[in-house]
Amino acid sequence: MNTLIHPVPTAAMDRIIEMALAEDNPRGDLTALTIVPEGATATAVVQARQPGVLSGGAVFARTMQLVDAQLEVEQLVAEGMAFSAGDDLLKVSGPAASLLTAERVGLNLLQRMSAIATATAELVGLVAHTNARIADTRKTTPGLRVLERYAVRCGGGVNHRDNLSDAFMAKDNHLALLDNGEQLTAALKSVRARLGHTTSMEVEVDSIEQIPPVLAAGVDIIMLDNFDPADIPAAIELINGQAVVEASGNINAATVAAVAEAGVDVISSGAITHSVKAIDLGLDMVIA
């Protein structure tokens, strides 16, 4: 597990949770308000029904607190730690009606974040014998990026650029507007002259032939898009340490080791955020 950096800011957490609560509880929880005895309190435990890696305990706790400040949450498994089926992950105590109202939103976020952390941890484990790092992409759920990016970090991965304003990254659709020879080199050098010294430049290539004009511009990162692992060593030799080498495209558990063993520095995967299935977690309650 990586030492976790950049926890989710409370303000960002609150925006997402409040939107989800407004969607799920627009005019009050009809069932909880009418059937739960007034003043009833309860304790509930979130239990894993399958193995995984935990992410989102603080988000779950904040969901409870935004519904009712009297709800108290104890996190039993730390962020980024693996758990087994049957393990107790979090415990909640307080007003029963409020707990029931907050349950689904809290679990939805916890289950998705833990699924992302689990998928990331699987890829990280598969490349642990190499120097490659696993990174995410911008293929995140609209509105949930800050949570999903945090979940990637919980799984031992690193984050790619956060948004379109964060770094220069020219992809195939950008390059389609330019010639691949001297015009491309000149265009990239012009960009470099206009960017601040702390802003990185990355360019995506889909063939070895595209590398020399990109390299001549002095970019920081070259992304090998959908390269066959057998072709990657030749690309790395051509780059010869002049740029960070990233591989992307159809990266999954079946392909990631071969790509890492080819010698790239970073492997970015959209699947760890856009293709995960929620981890199966349950919340069971007993009246206190």
Side-chain angles (χ1 to χ4, degrees), residues 1-20 52-66 73-83 89-90 105-125 127-128 131-169 195-202 220-221 223 244 246 248 251 256 265-276 278-279:
M1 182 189 75
N2 281 357
T3 299
L4 300 180
I5 60 172
H6 304 311
V8 181
T10 301
M13 209 185 297
D14 286 359
R15 283 194 299 271
I16 294 169
I17 295 168
E18 287 168 355
M19 178 182 66
V53 173
L54 189 73
S55 179
V59 176
F60 180 88
R62 187 64 179 161
T63 303
M64 297 292 148
Q65 292 158 4
L66 285 174
V73 179
E74 180 184 0
Q75 188 161 339
L76 306 175
V77 174
E79 300 286 276
M81 294 301 295
F83 55 79
L89 308 178
L90 298 106
V105 168
L107 278 179
N108 282 351
L109 295 172
L110 183 68
Q111 288 177 286
R112 178 154 186 81
M113 293 176 69
S114 293
I116 291 169
T118 302
T120 304
E122 179 183 16
L123 296 192
V124 169
V127 304
N131 293 321
R133 300 200 293 172
I134 300 298
D136 53 21
T137 72
R138 285 172 39 249
K139 295 177 182 178
T140 54
T141 307
L144 297 185
R145 182 171 296 173
V146 67
L147 301 187
E148 295 184 349
R149 283 271 164 96
Y150 169 76
V152 167
R153 298 194 296 276
C154 286
V158 297
N159 299 141
H160 213 292
R161 60 174 177 164
D162 208 36
N163 51 61
L164 290 172
S165 304
D166 205 34
F168 174 90
M169 184 173 173
L195 291 178
H197 68 288
T198 63
T199 303
S200 66
M201 288 183 65
E202 178 167 7
D220 303 293
I221 309 158
M223 176 192 287
V244 172
E246 176 183 341
S248 191
I251 303 295
V256 70
D265 301 301
V266 179
I267 299 174
S268 54
S269 170
I272 57 177
T273 53
H274 72 58
S275 296
V276 296
I279 289 285

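Residue indices begin at 1 and follow the sequence shown.
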So CZ of R112 and OG1 of T273: to nearest 0.5 Å the spacing works out to 7.0 Å

### Message
Any non-hydrogen side-chain atom of L144 less than 4.5 Å from a side-chain atom of I16?
### Response
yes

dist L109:CG -> F60:CZ (nearest 0.5 Å) comes out at 10.0 Å

Check: With a 4.5 Å limit on heavy-atom distance, are the side chains of R149 and H6 in contact?
Finding: no

side-chain hydrogen bond (donor to acceptor under 3.5 Å, both in side chains) with E148: of N159, T141, T140, only one passes, and it is T141

Residues V146 and P9: closest non-hydrogen pair is CG2-CD, 4.4 Å

message: When you compare the side chain of I279 with that of F83, does any pair of heavy atoms fall below 4.5 Å?
response: yes

d(R153 CZ, D136 CG) to nearest 0.5 Å is 8.5 Å

### Message
Could you check whether any side-chain heavy atom of Q75 comes within less than 4.5 Å of a side-chain heavy atom of V73, counting everything from C-beta outward?
### Response
no

Name each donor-acceptor pair under 3.5 Å that joins a side chain in residues 114-124 to protein atoms two or more places apart or in another chain, with its distance.
residue : atom : partner : partner atom : Å
S114    : OG   : S55     : N            : 3.2
S114    : OG   : S55     : O            : 3.1
S114    : OG   : L110    : O            : 3.0
T118    : OG1  : V53     : N            : 2.8
T118    : OG1  : S114    : O            : 2.6
T120    : OG1  : I116    : O            : 2.8

d(E74 CD, L89 CG) to nearest 0.5 Å is 12.0 Å

Can a donor-acceptor pair be found, under 3.5 Å and without considering hydrogens, that links the side chain of R133 to the backbone of G156?
no

Does any non-hydrogen side-chain atom of R62 lie less than 4.5 Å from one of V8?
no

Short question: side chain of D265, backbone of E246 - any donor-acceptor pair under 3.5 Å? no

| said: With a 3.5 Å distance limit and no angle check, can you tell me whether E79 reaches the backbone of L54 through a side-chain donor-acceptor pair? | reply: no

message: Could you tell me if the side chain of R145 sits less than 4.5 Å from the side chain of N163, heavy atoms only?
response: yes

Task: Side chains of M223 and S268 in contact at under 4.5 Å (non-hydrogen atoms) - done: yes

With a 4.5 Å limit on heavy-atom distance, are the side chains of V266 and H160 in contact? no

In this structure, CG of D166 is separated from OG of S200 (nearest 0.5 Å) by 7.5 Å

